[in-house]
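This structure is a prediction, so every number in the text was calculated from the model and none was measured. Naming: A, B, ... by sequence-line order, numbering from 1 per chain.
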Amino acid sequence: MKRFDPKSYETKWQEQWLESKIYSAKDNKDLKKKYVLEFFPYPSGAAMHVGHVRNYAIGDVIARSSRMHGFNVLYPMGWDGFGLPAENYAIKNKLSPKVAIKQNTDKFKKQLNQMGFSYDWDREINSTDPDYYKWTQWFFLLLFKKGLAYQQESLQWWCPMDKTVLANEQVENGQCWRCGSVVEKKALKQWFFKITDYADRLLDDLEDLNWTDSIKNMQRNWIGKSKGAELDFLVENKDSFVRVFTTRADTIYGATYLVLAPEHPMVEELITDENRQKVKEYKKATEAKSDIERQETNREKTGVFTGSYAVNPATKEKIPVYISDYVLVGYGTGAIMAVPAHDQRDYDFAMQFNLSIKQVVEGDEKLEDHAIVAEGKMINSGKYDGLPSSEAREKIVADLEHNKTAKEVTNYRMRDWLISRQRYWGAPIPIIHCDDCGAVAVKEEDLPVLLPDMDNFEPSGDGRSPLANDQDFINTKCPKCGKDAKRETDTMDGFACSSWYFLRFADPKNNEKAFEKSLSDLWLPVDEYIGGAEHAVMHLLYARFWTKVMFDEGLINFKEPFTALRNQGMILAPDGNKMSKSKGNTIEPDELISNGYGADSIRILELFLGPWDQSVNWSTEGLSGTYKFLQRVWNITTKNLDAFKSKEMHADKEIEMLKNKLVMKVTKDIEKMSFNTAIAAMMQFVNEMYLIEAKGNFSKFSFAAALSDLLLVLAPFAPHITEELWHDIGNKESIHLQNWPKYDVKLTQSEKVKLVVQINGKLRDLIEAENNLTDEQIQQLAMNSEKVKPHLSGKTLKKVIVVKNKLVNFVV
RNA sequence: GGGCGAGUGGCGGAAUUGGUAUACGCGACAGACUUAAAAUCUGUUGACUGAAUAAGUCUUGAGGGUUCAAGUCCCUCCUCGCCCACCA
């Protein structure tokens, strides 16, 4: 008997699988397809730890079980190689990014292979490969031609550490999403993608997606659609007016002052001489504040009076105009009408500055120490009194619209996607600047615009990309007029590369096109997309946007790239903290494998620790449990190899039942992604097989058939041990090419059932009975139970409830 | 403040969707094997009362309710996690 030793067979099979290409997807539209994909990794130099492994383990179980169910599965892997972490890693280690990426992807690939994941490596892609980014540039030009890529000078988020601008989505709490530095504002001319044109479609199409509500809500929240109105307030003694945005036009009678953002262009005009000094100081103080400070909530409200007054168009009252940093210049019109009675922020401000508070909506609440935000009935609002606030809102806007002082507007919080980066390691933006013709697209036949090799590619911080220092790169001819011209030197945000990579997997080697439509028709959309929730408003929004652009262009036939999205829970360190290199609490699979546990034990533990979508703490003790389980599978199989050669044919009912129950349970659990209970069922099955074996005198035929099915249902979880044993029991072909075993529901039920006997809902006895007895028979049987009798004697039976094949409850 | 999710043994977690709460695993304890230990195999293991592997009582964050029956449904409240947040 061979000793259980994962080292003795895991590498052997990994090599054999790679060589025989058993996981390759077939470009055959007659087969039923399934596209399983994990977010493609960022080879930044950090080693893969057990937290990452869970992500891939989930995908691999889905891919493998789908293959066994007869699907033609596309399960590819590639590298998101451009971007800051890779470049910073290269700088730190004094390597060229190209070399660094090669090293890191090689290492990552080795780590993936040693876990036995079933990727189709023939479709491997790398976003830093010119054959790939040629098409990223091609898509840029498509957006450019459609008017969806434009250049604009404006104040932008600037990361002083990474020395580049950042998109709104990449600034978290006023900090750079990558390095955590406090971001600054810098005025630069930048490239944008007009994602706001697609705001409504990005919002509406979320409905039909099989994504978690949490991610959908994050996207809804990010897009931030809000319907309201813009209202004009005349400035007293001037011709001008202040335009405000509000979603609560119904409360206009309660607007007792206006507030402008300190950066609002009209501020200068509104300042009166006696207030000039104070306003200037306030503006200066605001500028000095970092955005972290400004975004601090529950901060005391600050602001200053401009000296000017406006006229409330409803009440005709004179109301003061303030500036305050609680109004943001970037949203709406940068100015608000303040209704302290019905908005908490305005309420706080009014209390601070002793401004009047006027209630105009009446509800259940009383106006005491906070604003009443709820809808209600109008009061103190002239002819609108008595109307429900929602109705008043429409009427007031309509009436003001008559005087051309109001307009219905929809606002979005989402901004256009800033995609220029002043960094070296990215796909060059394929634009040529000509003094006469302006920004001109590079001709398609001249793509790719190659990223030149540079010795010094560190960012200078002057707002220009390092590419600006390469004269050979920048000097070129205008594609339109042929005159001397200069290349754009900014590179694209790495998220541009990842906005279409899932399409390239359908046709990864195409030199003529980004992909052939027939192949994208065949494979896309992605059926199962698996990854962490951290990309909720970045990658997942950008990729949806590009997909819609491609759909509009007729390049593809679907509007949403990812039909189902699965967000796996994190694996935390045993101490409950996130695993990170800096904390020194990471656990890498490599060491566990070399300790002899083997990849299979790790894979199983990743899924067994708890539900896949919940965070769990890693437990190395748990690993000895899953190891022991596999060892038991190994031992019972290798000890009974003779059973597989047995000629006897009589079936053992008990074993058949166990087998059918196992296959049914695992099949259903994989379907609902309940991997932890599927594994528990397999463990339980093995425990029961041990007991049967110990009793002796069992049908070898049934025993062998049951073990064989166990190997099949275990194969997606533990591909190595099952492959090894599958061959040991006499098979020639790979277990991973087998069909999923079938089960018979009828055989999962035994002839006898356990009946629960309750008195007043309390368990009193368990009795074994024939299947399908009548209610009367069951009741009679239960009443005869010795344990039940004493509880019934001397009492009157009020009611008897019988649930067939399950339970009797006597109510006394 | 808004959204999403969660609270079950010493620990990670199960529970056919209203029908035996604590499956499976870890840990702990005991037995077999062994000169011995490890490994392996076999038991026991929610708490309390009891010699008891007799019997009973209690138990799913807290408190109420609906029901023959509640971890599951309803109401009130508490705690924790994640994401968003002065967006008018």
Q: For Asn760(A) and A70(B), give me the distance from atom CG to atom C1', rounded to whole Å.
A: 16 Å

Q | Base C86(B) paired with Lys301(A) side chain (donor-acceptor, <3.5 Å) | A | yes

Q: May I ask you to say what Asn809(A) touches in the nucleic acid, namely base, sugar-phosphate or nothing, with a heavy-atom cut-off under 4.0 Å?
A: base

Q: Provide, to the nearest angstrom, the distance between the CZ atom belonging to Phe810(A) and the C1' atom belonging to G19(B).
A: 15 Å

Q. At under 4.0 Å between heavy atoms, what does Leu609(A) touch on the DNA or RNA strands: base, sugar-phosphate, or nothing?
A. sugar-phosphate

Q.
Between G71(B) and A6(B), how far apart are the two C1' atoms, rounded to whole Å?
A. 13 Å

(Q) Can you check the distance between C33(B) and G27(B), where both ends of the measurement are the P atom (answer in whole Å)? (A) 24 Å

Q. Contact class for Lys578(A) (heavy atom, under 4.0 Å): base, sugar-phosphate, or nothing?
A. nothing

Q) From A88(B), C86(B), G25(B), pick the nucleotide closest to the side chain of Met683(A)? A) G25(B)

Q) Thinking salt bridges, do Arg393(A) and Glu375(A) make one under a 4.0 Å N-O criterion? A) yes

Q.
The side chain of Phe608(A) is closest to which nucleotide in this list: C68(B), A14(B), C24(B)?
A. C24(B)

Q) Which is true for Leu691(A) with a 4.0 Å heavy-atom rule: it touches a base, it touches only sugar-phosphate, or it touches nothing? A) sugar-phosphate

Q) Rounded to the Å, how far apart are Leu623(A) CG and C11(B) P? A) 22 Å

**Q.** Asp613(A)/Arg566(A) salt bridge by N-O under 4.0 Å criterion
**A.** no

Q: Would you tell me if any nitrogen or oxygen in the side chain of Asn805(A) comes within less than 4.0 Å of OP1 or OP2 on G19(B)?
A: no

Q: If the plane angle is over 60° it's perpendicular, under 30° parallel, otherwise tilted; pick one for Tyr627(A) and Phe4(A).
A: tilted

(Q) Whether Lys639(A) and Glu693(A) form a salt bridge (side-chain N of Lys/Arg under 4.0 Å from carboxylate O of Asp/Glu) is what I want to check. (A) yes

Q: Give a yes/no answer on whether the side chain of Arg220(A) brings an N or O atom under 4.0 Å of OP1 or OP2 in C4(B).
A: no

(Q) Apply side-chain contact (heavy atoms from CB on, under 4.5 Å) to residues Leu707(A) and Ile636(A) and explain how you reach the verdict. (A) CA-CA 9 Å; Leu707(A) 284 179; Ile636(A) 198 166; 3.9 Å; yes

**Q.** Spacing of the C1' atoms in U45(B) and C11(B) (rounded, Å)
**A.** 14 Å

(Q) Check this for me, if you would: do Arg248(A) and Asp250(A) make a salt bridge, where the nitrogen-to-carboxylate-oxygen distance has to be below 4.0 angstrom? (A) yes

(Q) When the C1' atoms of U76(B) and A21(B) are compared, how many Å lie between them, rounded to an integer? (A) 25 Å

(Q) With the 90 degree cut-off around zero defining syn, does U17(B) come out syn or anti? (A) syn

Q | Trace of the side-chain contact (heavy atoms from CB on, under 4.5 Å) decision for Met337(A) with Tyr257(A) | A | CA-CA 6 Å; Met337(A) 64 172 204; Tyr257(A) 60 97; over 6 Å; no

Q: For Ile336(A) and for Arg632(A), locate the closest nucleotide of RNA chain B by heavy-atom distance; then report the residue assigned to the nucleotide nearer the 5' terminus.
A: Arg632(A)

Q. Going by a 90° cut-off around 0, is G50(B) syn or anti?
A. syn

Q) Reckon Tyr690(A) touches a base, only the sugar-phosphate, or nothing at all at heavy-atom distances under 4.0 Å? A) sugar-phosphate

Q) Across the strands shown, which category fits Asn687(A) at heavy-atom distances under 4.0 angstrom: base, sugar-phosphate, nothing? A) sugar-phosphate

Q: Give a yes or no answer on whether the side chain of Asp669(A) reaches the backbone of Ala678(A) with a donor-acceptor pair at less than 3.5 Å.
A: yes

Q: Write down the distance separating the P atoms in A54(B) and A38(B), rounded off to the nearest Å.
A: 32 Å

Q) Has Gln758(A) got a side-chain N or O lying under 4.0 Å from the OP1 or OP2 atom of G19(B)? A) no

Q | Nearest-angstrom distance from the residue atom CG of Asn635(A) to P of C33(B) | A | 20 Å

**Q.** Base orientation of A51(B), syn vs anti, 90° cut from 0
**A.** syn

Q: Between Asp213(A) and Ser624(A), just flag the one whose closest nucleotide in RNA chain B comes earlier from the 5' side.
A: Asp213(A)

Q: Taking only the side-chain heavy atoms of Met218(A) (C-beta and beyond), determine which of C26(B), G13(B), C83(B) contains the nearest atom.
A: C83(B)

Q) Across the strands shown, which category fits Asn676(A) at heavy-atom distances under 4.0 angstrom: base, sugar-phosphate, nothing? A) sugar-phosphate

Q. With a 4.0 Å cut-off on heavy atoms, is Thr677(A) in touch with a base, just the backbone sugar-phosphate, or nothing at all?
A. sugar-phosphate

(Q) Please determine whether a side-chain nitrogen of the Lys or Arg among Arg220(A) and Glu207(A) lies less than 4.0 Å from a carboxylate oxygen of the Asp or Glu. (A) yes

Q: For Gly224(A), report the nucleic acid contact type (base, sugar-phosphate, nothing); a contact means any heavy atom under 4.0 Å.
A: nothing

Q.
Tell me the interatomic distance from Asp343(A), atom CG, to G2(B), atom P, rounded to whole angstroms.
A. 14 Å

Q) OP1, OP2 of G56(B) versus side-chain N and O of Arg764(A): anything below 4.0 Å? A) yes

Q) Which nucleotide in the list A23(B), C26(B), C4(B) gets nearest to the side chain of Ser214(A)? A) C4(B)

Q | Quiz item: cation-pi between Arg603(A) and Phe717(A), 6.0 Å / 45° | A | no

Q.
Looking at Ser324(A) and Thr302(A), would you say the former's side chain and the latter's main chain have a donor-acceptor pair under 3.5 Å?
A. yes

Q) Within the pair Ser226(A) and A88(B), is there a side-chain N or O less than 4.0 Å away from OP1 or OP2? A) yes

Q. Using atom P of each nucleotide, how far apart are A85(B) and U79(B) to the nearest Å?
A. 25 Å

Q) Is the distance from OP1 or OP2 of G19(B) to the nearest side-chain N or O of Lys806(A) less than 4.0 Å? A) no

Q) Of all the nucleotides listed (C26(B), A14(B), A88(B)), which has the minimum atom distance to the side chain of Pro611(A)? A) A14(B)

**Q.** Anti versus syn assignment for G65(B), with syn defined as within 90° of 0
**A.** anti

Q: Tell me whether the OP1 or OP2 atom of A88(B) has a side-chain N or O from Tyr331(A) closer than 4.0 Å.
A: yes

Q | Within 45° cone of Phe349(A) ring axis and under 6.0 Å: Lys301(A) NZ or CZ | A | no

Q) Which whole number of Å gives the distance between the P atom of G64(B) and that of U59(B)? A) 11 Å

(Q) Take N1-N3 plus N6-O4 or O6-N4 for Watson-Crick, N1-O2 plus O6-N3 for G-U, both under 3.5 Å. Which runs of 3 or more such pairs involve RNA chain B? (A) B:1-7 with B:78-84, B:10-12 with B:24-26, B:27-32 with B:40-45, B:46-49 with B:55-58, B:61-65 with B:73-77

(Q) Using whole Å, what does the distance between atom C1' of nucleotide C24(B) and atom CZ of Phe629(A) come to? (A) 10 Å

(Q) Measuring only the C1' atom in each nucleotide, how far is U17(B) from G56(B)? A whole number of Å is fine. (A) 31 Å

**Q.** Distance, rounded to the nearest Å, where Leu260(A) contributes CG and A88(B) contributes P
**A.** 17 Å

Q: Would you indicate which nucleotide in C68(B), A23(B), A55(B) comes nearest to any side-chain atom of Lys787(A)?
A: A55(B)

Q. What's the NZ-C1' distance between Lys762(A) and U20(B), to the nearest Å?
A. 15 Å

